[in-house]
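The next block holds one structure in the form of C-alpha cells; read it before the comments.
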Amino acid sequence: MRMHDETAAAEWMLWSTTMRVVVTNTVLLDRAAALVSEVLDDIGQACDRFDAESEINTIAALLPAGVEVSDTLALLVRTTLNAARLTGGDVDPTLGNALVGLGYDRDISEVRNVGESRAAASSVPSAATVVTLTSRTPGYTRVTLEGNRLTVPADLSLDLGATAKALAADLAAATVFEQLGCGVLVSLGGDIATAGPAPARGWQITVCDQPGDPECQVTLAAGQALATSSTQKRRWQQNGKALHHILDPARGLPAMPVWRSVTVAAPSCVRANTVSTASIVRGYRAIAWLAQRGTTARLVNHDGRVLTLGGWPDENSVHVRQAS
C-alpha cells in the first residue's frame, strides 16, 4: 500500500477526555477511527467501573470465590498486575474502594458537580465523609489470575483506570496498523501510542498538561509511546479539600502533588503510563528512580519548574544524569 506523507486526524470525546487518531494515509481515516472505536468499546465493556453493565461490575459479587472472565478483562488485569509488580506496588489496581470513599464514584464531571453542591450547602465537613490519613497494605498481591480465572478478596475493589486507558491506546494503534497498513497515532488524553511508519518528520507532539503550564515540542519516532500523568486534571472537592485521582496505595489517599505532571517516553504506552503514574506517587523519590532506569522523562513541579532526564530535549532546565 502506498503511504502518504500528509496526515489526517479525527477527534471525539470519550471517558471524559479527548480521543484523537491520526493516520499517514488520509483516505484511511474513517476506517481507522472505526477500528479504534471498536477497540475502545471492547475495553470499556470489560472494565468501566461507572457502567453498571460492564463486565467488571456484573461479576463483582462472584470475584471473592473466583470467576472465569473474558479474554479482554483477563488481559487488562494481567497488565495492571504487571504494572504493580514493576513499581513495587506504587501502581495498585485495588484502590476502587478508596476512590469511592473519596467521592470518585461516577464520571469526573458528575463528581465535580456533586462536590460543588456539597460545598455550597455547608462548609462544615460531615463526620461520615471526612478524609483522614490512614495506613493501607497494598492489595494487588492478594489478587490472583490463573488463566482467565480471576479472584479478588471481598474487601477489595478493582479500578483498572490508568493502565486500561494506556493499553487501549496501544491495542488501538496496533490494530489500525495491522489491518490497514498505515502509520497511526492514537491519543487518549495524556496517553499516546503509535504503530507503523511515522510521517517524514516523525510524530510532532506538543507536551503541555494544562493551559499556562510550560510546554515543549518533541518528535516521537515510529512505534514509540508517550504518557503523561497529572495531578491537575481529574480534580474535585470534598469537604473543602482539593483531591485528585492518583492515589498513594500506602495511604489510600491522593499522592502528594510534588509534581503537576510527569511525562515519560517508552516503547509502549502501558510502560510509559506505569512509570509516569508511579513517579507521581513517589514524589521527589522518583528522580533517582527514573535516573537509575535511564528513563526519558519530563517532570513539572508544583511551581512550574521543569526537570528532564534520560535525553529529553533541553528546555533550559535542571538535568539529572544517570551515574556512569
Side-chain angles (χ1 to χ4, degrees), residues 47 49-50 56 60 63 77 79-106 108 111-112 114-115 118-119 124-143 152-166 190 209 227-262 264 273-290 297 299-303:
C47 73
R49 69 185 181 94
F50 304 134
I56 195 69
L63 286 171
V77 172
T79 299
T80 198
L81 291 178
N82 287 339
R85 287 188 284 267
L86 175 70
T87 60
D90 285 331
V91 176
D92 189 333
T94 64
L95 295 171
N97 290 335
L99 285 166
V100 170
L102 292 168
Y104 194 6
D105 57 356
R106 64 200 78 187
I108 190 63
V111 171
R112 290 178 182 135
V114 169
R118 288 174 178 164
V124 180
S126 163
T129 58
V130 170
V131 176
T132 57
L133 293 176
T134 60
S135 178
R136 179 185 182 278
T137 300
Y140 75 95
T141 58
R142 299 166 57 204
V143 174
V152 181
D155 61 312
L156 299 178
S157 175
L158 293 180
D159 171 45
L160 305 182
T163 52
K165 187 158 67 76
D209 185 40
T228 296
S229 295
S230 169
T231 60
Q232 299 187 103
K233 288 184 175 177
R234 293 180 184 264
R235 297 178 66 90
W236 67 98
Q237 295 280 330
Q238 186 182 70
N239 302 324
K241 295 181 179 180
L243 305 176
H244 65 82
H245 74 297
I246 301 179
L247 303 191
D248 176 354
R251 300 181 303 139
L253 292 173
M256 297 299 292
V258 170
W259 309 114
R260 292 187 189 182
S261 62
V262 177
V264 171
N273 180 280
T274 296
V275 175
S276 65
T277 301
S279 297
I280 293 287
V281 172
R282 292 186 179 217
Y284 291 116
R285 294 184 297 114
I287 300 173
W289 184 63
L290 292 169
L299 303 88
V300 182
N301 76 357
H302 59 88
D303 62 3

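Residues: numbered from 1 along the sequence shown.
- A distance of 5.5 Å separates CG of L247 from CG of L95, quoted to the nearest 0.5 Å.
- The shortest non-hydrogen separation linking T231 to P257 is OG1-CB, 4.2 Å.
- What you find for Y140 and G89 is that their closest heavy atoms are CE2-CA, 3.4 Å.
- Of all the heavy atoms in P93 and L160, the pair that sits closest is CB-CD2, 4.2 Å.
- When the side chain to side chain contact (heavy atoms under 4.5 Å, CB included) test is applied to L299, the partners found at least two apart in sequence or on another chain are W259, V262, L290, A297, L307, L309.
- Residues R260 and D209 approach most closely at O-OD2, 4.0 Å, considering heavy atoms.
- Within the 4.5 Å cutoff, the side chain of V281 has heavy atoms near those of the P249 side chain.
- Summarising the geometry, atom CZ belonging to F50 is positioned 13.0 Å from atom CD1 belonging to I56; distances are rounded to the nearest 0.5 Å.
- In this structure, the side chain to side chain contact (heavy atoms under 4.5 Å, CB included) partners of A278, at least two apart in sequence or on a different chain, are T87, D90, V91, W289.
- T163 is linked by a side chain to side chain donor-acceptor pair (under 3.5 Å) to T80, counting only residues two or more places apart in sequence or in another chain.
- Applying the side chain to side chain contact (heavy atoms under 4.5 Å, CB included) criterion to T79, with sequence neighbours excluded, gives L75, L167, V270.
- The CG atom of L86 lies 12.5 Å from the CG atom of L81; values are rounded to the nearest 0.5 Å.
- For T277, the side chain to side chain donor-acceptor pair (under 3.5 Å) partners two or more places apart in sequence, or in a different chain, are S229, N273.
- Under the side chain to side chain contact (heavy atoms under 4.5 Å, CB included) criterion, R285 pairs with R282, not counting sequence neighbours.
- In this structure, N97 contributes its side chain and D155 its backbone to a donor-acceptor pair below 3.5 Å.
- How far CE of M256 is from CZ of R251: 6.5 Å, rounded to the nearest 0.5 Å.
- Pairing each heavy atom of I246 with each of S230, the nearest pair is CD1-O, 3.6 Å.
- T94 has its side chain out of reach of R142: every pair of non-hydrogen atoms, C-beta onward, lies at least 4.5 Å apart.
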